[in-house]
Asks: 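Take a look at the following structure, please.
Computation of the quantities below employed the complete heavy-atom set of this structure, encompassing side-chain atoms and omitting hydrogens, waters and symmetry-equivalent molecules. Numbers restart at 1 for each chain; the letters A, B, ... are given by sequence-line order, proteins then strands.
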Protein chains: 2
Amino acid sequence: MCSEQRPAALGWQAIRDEGLRRIRAREWAPGALIPHEAELAAEFGCARTTVNRALRALAEAGFLERRRKGGTRVVLTPLRKATLQIPIIRQEVEESGASYGYRLISRNLGPAPDALLQRLALRPGTELLHVRALHLRDGQPHVYEDRWLNPSAVPEILEVDLELISANEWLVQNVPYTDGELTLSAVSATPEVAALMGCTPGAALFTMERLTWKAGAPVTLVTQSYAPGYRVSTSI
Amino acid sequence: MCSEQRPAALGWQAIRDEGLRRIRAREWAPGALIPHEAELAAEFGCARTTVNRALRALAEAGFLERRRKGGTRVVLTPLRKATLQIPIIRQEVEESGASYGYRLISRNLGPAPDALLQRLALRPGTELLHVRALHLRDGQPHVYEDRWLNPSAVPEILEVDLELISANEWLVQNVPYTDGELTLSAVSATPEVAALMGCTPGAALFTMERLTWKAGAPVTLVTQSYAPGYRVSTSI
DNA sequence: CAGTGGTCTAGACCACGGT
DNA sequence: CCGTGGTCTAGACCACTGT
């Protein structure tokens, strides 16, 4: 009946899945090169673009490593990746139906510790703005925040009334684009933090540290410690 | 000189950046619809495919929400996403130049607590394999692991000698594909765990809990608590 | 039903980076 | 140099879903 029958069109997801199967089955061995895009396109009977899309997805998921001219290799150590959403604390609190509050504890402009400046790649003696604050949830301490800001990267921050808006929100709304680094850890509450948070000294606090850069200059280093019992979930 | 001059070709990244700028500048207001792909393609003088690529990137990054027929909206709550790599403990240890060791603490097959079974959506009375183990780094306790396995999902696990290979590695190598859920928290070391880990009771332990599913059936629920001081970093 | 995003194609050019 | 992946194009058809 039909003379010019095309092979059933494979979607890029099908090709991705088949690639994943081959990786898992060791048909594509760890560390080994896999066929070129063109070759796979011929095998699967689709356009190279489609293969590209599939292999790109596998690379983003951490299964493959791709280099121009170098070809595509199966990653030796298949680290799984999880994407976790970094909440804006106010929104996270309000969306859970609780009321949000913010309390500034201290705000100081002055020379920062040398160890910190070294980490930020700043000259010794540079002045930073040091801000400590508490995020409240239904009036109870929810997150303790310790933040260093670099006025030479964001001079406007010195004019902001940090009693009214948290540095976090001001930055999100006013600093164009930042790349940075996120570090997660568990920290024991110091006596001082325990007093502020209303928890027992030594309690285990889930802690996120964010270091952000704007055009090569450090903008802020913030450490946020959540009240005991906080959990963050994501699907993998 | 040149008669048919094309406008300078914009890469999809440039369009993505311009889109991000408009979102940040509120030119595309939170919650509002943005122009169709075709419209933007006309504006930027490129193919719709290119616009699609850019908007898809912004959607994956969490700034936009897209629906067929519904159009593309700016997300109301711009949660930033971070992807973190879930290490295979053995590899993480060995790559840092340390030696890796694994010690099985206990292995019991029997009825599981009802609360746990409820969480796994299993019938009360179901038997699970309960495995506790220690991952060692240079002979020192590094991670305490408490794991529940569902033999009805992976019956082969009952035949595996868990003294020789950690359940984690066996699963990675033998269970085809799993989706699941990852939960991060900070936990205080119980006296028993502290004794096993060689740390002080109450110490803050960074803890990852993973619940994985295979075709609708729960495979394993594992809680891994890292020795004090552990940090996990990622770029954002 | 109709509008919007999702995807595929065939071809082309380019950028990177091993050899 | 030259092979490989990265990307763009113009057009097409499809899938989902709001009206």
Asks: In whole Å, what is the span from the CD atom of A:Glu65 to the P atom of D:dT4?
Replies: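 To the nearest whole Å, that distance equals 18 Å.
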
Asks: Around A:Glu94, counting heavy atoms of other residues, nucleotides and ligands shown, do more than 12 lie under 6.0 Å from its CD?
Replies: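 Yes, because the 6.0 Å sphere around CD of A:Glu94 holds more than 12 heavy atoms from other groups.
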
Asks: How long is the line joining CZ of A:Arg53 and P of D:dC8, in whole Å?
Replies: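 Atom CZ in A:Arg53 sits about 13 Å away from atom P in D:dC8.
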
Asks: Take atom CZ of A:Arg67 as the centre, draw a 6.0 Å sphere, and report whether it contains more than 12 heavy atoms from other residues, nucleotides or ligands.
Replies: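 No.
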
Asks: Between B:Glu95 and B:Arg137 (salt bridge meaning N to carboxylate O under 4.0 Å), is one present in this structure?
Replies: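 Answer for the salt bridge query: no.
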
Asks: Looking only at side-chain N and O atoms, does B:Arg66 come under 4.0 Å of OP1 or OP2 in C:dG6?
Replies: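 Affirmative; the distance criterion is met.
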
Asks: Side chain of B:Glu37, heavy atoms from C-beta onward: which of D:dT9, C:dG6, D:dT7 has the nearest atom to it?
Replies: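 Of D:dT9, C:dG6, D:dT7, C:dG6 is nearest to the side chain of B:Glu37.
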
Asks: Taking the six-membered ring for Trp, are B:Tyr100 and B:His135 parallel (under 30°), tilted (30 to 60°) or perpendicular (over 60°)?
Replies: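 B:Tyr100 vs B:His135 ring planes: tilted.
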
Asks: For A:Gly70, answer base if it contacts any base atom (sugar-phosphate contacts may also be present), sugar-phosphate if it contacts only those atoms, and nothing otherwise; contact means non-hydrogen atoms under 4.0 Å.
Replies: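 Result for A:Gly70 = nothing.
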
Asks: Quick one: A:Lys69 NZ to D:dG3 C1', roughly how many Å, whole number?
Replies: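 So the two atoms are 4 Å apart, to the nearest Å.
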
Asks: Hey, is the side chain of B:Arg48 pairing donor to acceptor with the base of C:dT7 inside 3.5 Å?
Replies: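 Looking at the base of C:dT7, it does pair with a donor or acceptor on the side chain of B:Arg48 (distance under 3.5 Å).
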
Asks: Among D:dG18, C:dG5, D:dC8, which nucleotide has an atom closest to any side-chain atom of B:Trp12?
Replies: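 The closest nucleotide is D:dC8.
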
Asks: Quick check for you: among C:dC8, C:dT4, D:dT9, whose closest atom lies nearest to any side-chain atom of A:Thr50?
Replies: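 Selected nucleotide: C:dC8.
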
Asks: Would A:Glu65 and A:Arg73 pass as an ion pair if we require N to O under 4.0 Å?
Replies: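 A:Arg73 and A:Glu65: not salt-bridged.
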
Asks: Within the structure, does a side-chain N or O atom of B:Gln13 lie under 4.0 Å from either OP1 or OP2 of D:dT7?
Replies: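 True: B:Gln13 side-chain N/O within range (under 4.0 Å) of D:dT7 OP1/OP2.
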
Asks: Which residue, B:His36 or A:Ala47, contacts DNA chain C at a nucleotide closer to its 5' end, judged by nearest heavy atom?
Replies: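 Comparing both residues, the 5'-ward one is B:His36.
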
Asks: Considering just the side-chain nitrogens and oxygens of A:Thr72, establish if one lies under 4.0 Å of OP1 or OP2 belonging to D:dG5.
Replies: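 Yes, A:Thr72 has a side-chain N/O under 4.0 Å of OP1/OP2 on D:dG5.
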
Asks: Select base, sugar-phosphate, or nothing to describe what B:Thr49 touches, counting heavy atoms under 4.0 Å on all strands.
Replies: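 Since a base atom lies under 4.0 Å of B:Thr49, the category is base.
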
Asks: Nearest whole angstrom, please: distance from the C1' of C:dC8 to the CD1 of A:Ile15.
Replies: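 Roughly 10 Å, once rounded to whole Å.
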
Asks: Quick one: A:Arg73 CZ to D:dG5 C1', roughly how many Å, whole number?
Replies: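 Checked: the CZ to C1' distance equals 14 Å.
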
Asks: What is the distance, to the nearest angstrom, from the CG atom on B:Asn52 to the P atom on C:dG3?
Replies: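 The answer, rounded to whole Å, is 20 Å.
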
Asks: How many Å lie between CZ on A:Phe44 and C1' on C:dC8, as a whole number?
Replies: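 So the CZ-C1' distance, A:Phe44 to C:dC8, works out to 16 Å.
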
Asks: Using whole Å, report how far CZ of B:Arg16 lies from C1' of D:dT7.
Replies: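 Answer to the nearest Å: 14 Å.
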
